[in-house]
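Since the structure comes first, as structure tokens, the remarks are kept for the end.
All values derive from a computational prediction rather than experimental measurement.
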Amino acid sequence: MKSLILGALLAFTTHFAFAQSVDFVEPKEGATVSSPFKVIFAVKGMTVAPAGDMAQNTGHHHLLINAASIPEGNVIPFDETHIHFGKGQTETEVALPPGKYKLTLQFANGAHQSYGSKLSKSIEITVK
């Protein structure tokens with residue numbers, strides 16, 4: 001019985017120790033910001049690495065402006081609404097005209113292939 005409980009506890013803690021997610025440190029959901037504004041990214045359970053690095057559990061951030069998250073395995077487009085941070089950056093400054101925006105943080109591997117919705121997070125902000 002003791003080993004069964006220990007095994008269940010180990011499985012439970014292992015699952016959460018390796019949980020993978022991305023988040024916006026700044027700005028937060030619903031924020032009103034002035035342009036330009038700082039965006040700070042966070043990732044848990046993965047290591048930030050530059051584009052080209054294909055080591056397991058590594059990748060880099062992409063900021064999508066008014067664009068949906070990219071399905072797992074698809075390459076993230078290179079255009080004005082899909083900003084790549086292939087040097088491994090974890091923050092940037094963004095300049096946008098006044099209005100409401102959906103910002104999506106998308107983590108992808110060294111070949112810019114999306115890790116999908118599990119490593120994606122969207123927030124809505126207002127630029128004044």
Side-chain angles (χ1 to χ4, degrees):
M1 178 72 169
K2 203 180 230 184
S3 64
L4 181 62
I5 293 171
L6 184 57
L9 182 60
L10 181 60
F12 179 77
T13 56
T14 301
H15 171 73
F16 285 100
F18 295 105
Q20 298 170 328
S21 65
V22 293
D23 202 0
F24 287 90
V25 175
E26 188 179 314
K28 291 296 188 187
E29 168 68 34
T32 298
V33 298
S34 297
S35 189
F37 58 96
K38 184 180 262 191
V39 181
I40 303 174
F41 318 124
V43 63
K44 291 182 184 173
M46 299 287 276
T47 301
V48 175
D53 186 332
M54 294 299 290
Q56 186 174 8
N57 295 321
T58 66
H60 60 280
H61 295 285
H62 299 81
L63 180 63
L64 288 52
I65 301 171
N66 290 337
S69 66
I70 307 297
E72 186 171 355
N74 288 7
V75 174
I76 298 174
F78 284 87
D79 60 31
E80 63 278 351
T81 62
H82 298 82
I83 305 168
H84 291 243
F85 297 94
K87 293 180 182 175
Q89 306 96 307
T90 57
E91 64 180 66
T92 191
E93 260 199 10
V94 176
L96 293 170
K100 293 187 179 286
Y101 293 90
K102 177 176 133 181
L103 302 180
T104 300
L105 185 56
Q106 182 71 68
F107 208 66
N109 68 17
H112 305 282
Q113 294 168 314
S114 172
Y115 284 115
S117 60
K118 67 184 177 206
L119 283 169
S120 178
K121 169 98 184 243
S122 295
I123 62 170
E124 293 187 5
I125 64 163
T126 301
V127 177
K128 61 180 179 175

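Taking the side chain as every heavy atom from C-beta outward, Leu64 and Ile70 approach each other to under 4.5 Å. Contact check for Val48 versus Thr90: side-chain heavy atoms found under the 4.5 Å cut-off. A heavy-atom distance below 4.5 Å is not found between the side chains of Val127 and Pro97. Residues Glu29 and Glu124 have side chains in contact (heavy-atom distance under 4.5 Å, counting atoms from C-beta outward). Met54 is listed as a side-chain neighbour of Asn109, based on a closest heavy-atom distance under 4.5 Å. Two residues are said to be in side-chain contact when any heavy atoms from C-beta on lie closer than 4.5 Å; Leu119 and Met46 meet this criterion. Looking only at side-chain heavy atoms (C-beta outward), Val22 and Phe41 stay at 4.5 Å or farther from each other. Residues Lys128 and Ser34 have side chains in contact (heavy-atom distance under 4.5 Å, counting atoms from C-beta outward).
A side-chain N or O of Ser114 and one of Gln106 form a donor-acceptor pair less than 3.5 Å apart.
Within a 6.0 Å radius of NZ in Lys28, more than 12 heavy atoms belonging to other residues, nucleotides or ligands are found. No more than 12 heavy-atom neighbours from other residues, nucleotides or ligands sit within 6.0 angstrom of CD on Gln56.
Annotation: His60 is not in aromatic contact with Phe85 [ring centroid separation under 6.0 Å not met]. A ring-centre distance under 6.0 Å is found for His112 and His62.
Between Pro27 and Ile123 the shortest heavy-atom distance is O-CD1, 3.4 Å. In terms of heavy-atom proximity, Leu103 sits nearest to Phe37 at CD1-CE1, 4.1 Å. When every heavy atom of Ile76 is checked against every heavy atom of Ala108, the shortest pair comes out as CD1-CB, 3.7 Å.
The backbone N or O of Leu96 sits less than 3.5 Å from a side-chain atom of Ser35, completing a donor-acceptor pair. The main-chain N or O of Lys102 is found under 3.5 Å from a side-chain atom of Asn66 such that the two form a donor-acceptor pair. Judged purely by atom type and a 3.5 angstrom limit, Gln113 has no side-chain atom pairing as donor or acceptor with the backbone of Ala111.
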Go through the steps for Ser21 and Val43 under the test side chain to side chain contact (heavy atoms under 4.5 Å, CB included), then give the verdict. CA-CA 6 Å; Ser21 65; Val43 63; over 6 Å; no
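Remark: Ile125 CD1 to Thr32 OG1 distance equals 8.5 Å, nearest 0.5 Å. With rounding to the nearest 0.5 angstrom, the CG atom of Leu63 is 10.0 Å from the OG1 atom of Thr81. Once rounded to the nearest 0.5 Å, the distance linking CG of Asp23 with CD1 of Ile40 reads 11.5 Å. The line from OG of Ser122 to CZ of Phe24 is 7.0 Å long, rounded to the nearest 0.5 Å.
Follow the hydrophobic side-chain contacts under 4.5 Å out from Val33 and you never reach Val25; the two are in separate clusters.
With salt bridges taken as basic N to acidic carboxylate O contacts below 4.0 Å, one links Lys38 and Glu91.
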